[in-house]
Amino acid sequence: MSKRIDVNDLNVYYGDFLAVEGIDMVIEARSVTALIGPSGCGKSTFLRTLNRMHEVIPKAYVTGKAVMDGQDLYGPGVDPVEVRRQVGMVFQRPNPFPTMSIADNVLAGVRLNNRRISKSDAADLVERSLTGANLWNEVKDRLNLPGSSLSGGQQQRLCIARAIAVEPQVLLMDEPCSALDPISTLAIEELISELKNDYTIVIVTHNMQQAARVSDRTGFFNIAGTGKPGHLIEMDDTTTMFSTPSEKSTEDYISGRFG
Amino acid sequence: MTVTTPPVPVRTTRKLPKWAPVAVLAVSLLLALGIQFLGDGPTIAGVFFIGAILFAILMTVTSRVVEGERWAKDRLATTLVTFAFIIALIPLVSLLWIVVGDGLTRFSWDFLTTDMTGIFGQMVEGGAFHAIIGTVYVTGIASIIAIPLGIFTAIYLVEYGRGPLSRGITVLVDVMTGIPSIVAGLFAFTLFLVIFGPAYKAAVIGGVALAVLMTPVVVRSVEEMLRLVPNELREASYALGVPKWLTIVKVVLRTAIAGITTGVMIAIARVIGETAPLLLTVGIATGVNWDAFDGRIATLPVFVYRQYAQGGASADRAWAGALTLILIVMLLNLIARLVSRYFSPKGVR
Ligand SMILES: Nc1ncnc2c1ncn2[C@@H]1O[C@H](COP(=O)(O)OP(=O)(O)O)[C@@H](O)[C@H]1O
Ligand SMILES: [Mg+2]
């Protein structure tokens with residue numbers, strides 16, 4: 001239950017502004033791909049094109065191709081809603097639905113889509129997803145409390161449980177730990193290592209150690225200057241990237257000499 | 001190891017005793033009374049007005065002398081804010097006082113359940129049942145038209161609207177908010193005149209007139225509520241593969257429902273007391289008219305207006321009618337509060 005994505009010469013525009021240019025990238029199945037780079041170089045922008053979330057922003061569009069197991073994500077007749085069911089997303093700030101309980105938040109993908117589900121199936125799904133997100137033991141006695149009653153780290157894991165409850169192929173995470181304390185961060189990193197057995201994971205992070213710890217492959221984005229488009233400078237196995245990168249700018253960035 | 005002493009708190013307690021403001025107030029009022037005796041003799045309003053000014057001065061000066069400058073400023077600010085609050089409360093309380101006082105003369109179960117058929121001259125019987133029904137009809141029709149229209153317009157503006165069309169609608173809504181109610185009445189009157197001819201009178205015409213007044217209020221308040229829903233929730237929903245329309249219905253509207261209910265109730269309260277357009281479009285009747293699509297119908301505001309104009313025993317009915325109207329508005333408010341309490345997000349940190 002995971003798929004590989006081939007990105008080919010992808011450009012992302014916000015209206016007239018070219019934000020990301022000429023991305024060629026292979027995202028391997030059942031692995032963690034980390035995207036690093038200075039702020040504003042288009043990591044979030046690129047990540048959001050992988051499940052067509054960029055279309056939510058008025059005037060944003062892409063050119064190029066992103067092919068998931070033979071199917072072009074932007075192809076004619078491809079429904080963005082269908083793409084998002086296969087490519088889930090976790091955001092920078094935890095965003096559980098404030099009107100829903102913990103259990104209902106996990107079931108949101110089912111309930112919001114008006115799909116019928118029996119009581120026992122629902123209970124199973126809640127337990128399975130929360131266990132998958134390492135949250136079950138902490139919340140199993142208070143499933144009916146509102147999701148917003150949890151701590152920030154728990155809320156983020158709740159959001160991960162909500163994302164994996166719809167059983168996507170790919171999970172995109174945009175700086176999922178940047179709003180969390182070190183202990184919650186560790187919990188999420190452990191979770192990511194477990195999730196990669198079942199999912200293809202792409203994670204954006206500003207934390208080098210995190211990229212080194214959790215990812216199998218790392219891509220470095222950079223930008224020549226404000227107003228210029230972001231580029232993928234290089235991409236390789238994480239160990240190679242962190243020991244012997246082929247580009248000077250990658251080495252500078254990773255060793256903290258700029259950015 | 002040195003033991004650090006806790007820092008000395010900057011704030012010291014007020015030096016003036018708790019009863020000091022009360023004493024100063026008493027002195028101020030007595031002084032004001034005395035000053036008035038020097039003039040044309042005291043009036044209640046005069047005593048309170050001059051007393052208030054004296055209090056503000058005396059309190060500040062006393063505090064300046066005893067407590068110091070910063071406390072004096074605090075006392076002055078507290079005094080001014082309290083006075084502003086009391087002044088704002090005066091019209092509200094006196095209005096309620098008068099309406100309840102005068103309204104209770106005739107207000108009774110009988111008043112709520114009888115109409116004006118066969119009542120004339122100085123008879124004290126009769127009631128507003130027909131007018132209550134009429135108000136429910138007319139406001140109900142207005143709500144049936146204005147609430148969905150307003151909510152859908154707001155959804156369009158917030159979730160779909162881009163470019164000139166949405167800007168145009170926003171301007172139109174703003175302009176409509178300022179339409180005088182009599183103009184709305186004339187509009188509805190002429191509209192039905194053109195379609196059904198001059199003889200046609202019905203509750204539905206009044207409903208349309210009120211809907212014209214109500215729609216912009218609904219649009220505005222719902223729009224505001226929808227804009228308050230964080231974009232993150234919409235994105236969270238899209239990312240789960242939920243289509244846009246379901247996201248709007250089940251996330252956006254659901255999150256904003258408490259505020260929307262309040263806004264809608266305010267819009268209803270805004271039009272339920274409208275008199276001019278109803279005078280023009282539905283007129284008045286003495287008995288209950290159960291047919292919203294045929295014939296004149298009495299409404300509470302017009303009932304109050306007519307009864308008050310007749311004077312004598314009828315004026316008491318006008319006050320009772322006014323009280324009924326206020327009670328209905330309060331009831332609506334109560335319902336709105338219950339609904340929004342029921343729907344509002346629970347357990348927010
Ligand atoms: N909604 C938007 N509309 C217009 N420009 C945007 C929008 N979001 C991001 N951008 C621009 O795209 C560029 C890349 O931003 P982003 O993808 O957020 O960078 P990163 O996530 O790497 O920090 C920036 O120049 C930013 O100003
Ligand atoms: Mg970003």
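By convention in this document, chain letters (A, B, ...) are assigned in the order of the sequence lines, proteins followed by strands, and residues within each chain are numbered from 1.
- Contact of A/R48 with chain B is made through the side chain alone, with heavy-atom distances under 4.5 Å.
- A salt bridge does not link B/K244 with A/E55: every distance from a Lys NZ or Arg NE/NH1/NH2 to an Asp or Glu carboxylate oxygen is 4.0 Å or more.
- Of all residues in residues 151-170 of chain B, those placing a non-hydrogen atom less than 4.5 angstrom from a non-hydrogen atom of chain A are B/R162.
- There is no contact between A/V83 and chain B, counting heavy-atom distances below 4.5 Å.
- Each of A/D79, A/V81, A/N114 was evaluated against B/P243; a single residue qualifies, A/V81, per the side-chain contact (heavy atoms from CB on, under 4.5 Å) test.
- In this structure, B/T255 and A/P98 have side chains that are in contact, with non-hydrogen atoms separated by less than 4.5 Å.
- When the shell of 6.0 Å around CZ of B/R337 is examined, it contains 12 or fewer heavy atoms from other residues, nucleotides or ligands.
- Annotation: the span from B/L240 atom CG to A/L107 atom CG amounts to 11.0 Å, rounded to 0.5 Å.
- Separating the CG atom in A/N51 from the OH atom in B/Y238 is a distance of 13.0 Å, to the nearest 0.5 Å.
- Interface summary for chain B: among A/E82, A/M89, A/R93, the most heavy-atom pairs under 4.5 angstrom belong to A/R93.
- For the atom pair CG (B/N231) and CD1 (A/I57), the distance works out to 9.0 Å, reported to the nearest 0.5 Å.
- Summarising the geometry, atom CZ belonging to A/F91 is positioned 5.0 Å from atom CD belonging to B/E235; distances are rounded to the nearest 0.5 Å.
- Here CE of A/M100 is found 9.0 Å from CG of B/L233. Values are rounded to the nearest 0.5 Å.
- Neither the backbone nor the side chain of A/P80 comes within contact range of chain B; no heavy atoms are under 4.5 Å apart.
- The choice from A/P58, A/S101, A/G109 that makes the most heavy-atom pairs within less than 4.5 Å of chain B is A/P58.
- Enclosure of atom CD1 in B/I90 by more than 12 non-hydrogen atoms of other residues, nucleotides or ligands within 6.0 angstrom is indicated.
- For the atom pair NZ (B/K250) and CG (A/L112), the distance works out to 6.0 Å, reported to the nearest 0.5 Å.
- Contact record, A/R162 with B/A236: NH2-CB, 3.4 Å, taken as the closest heavy-atom pair.
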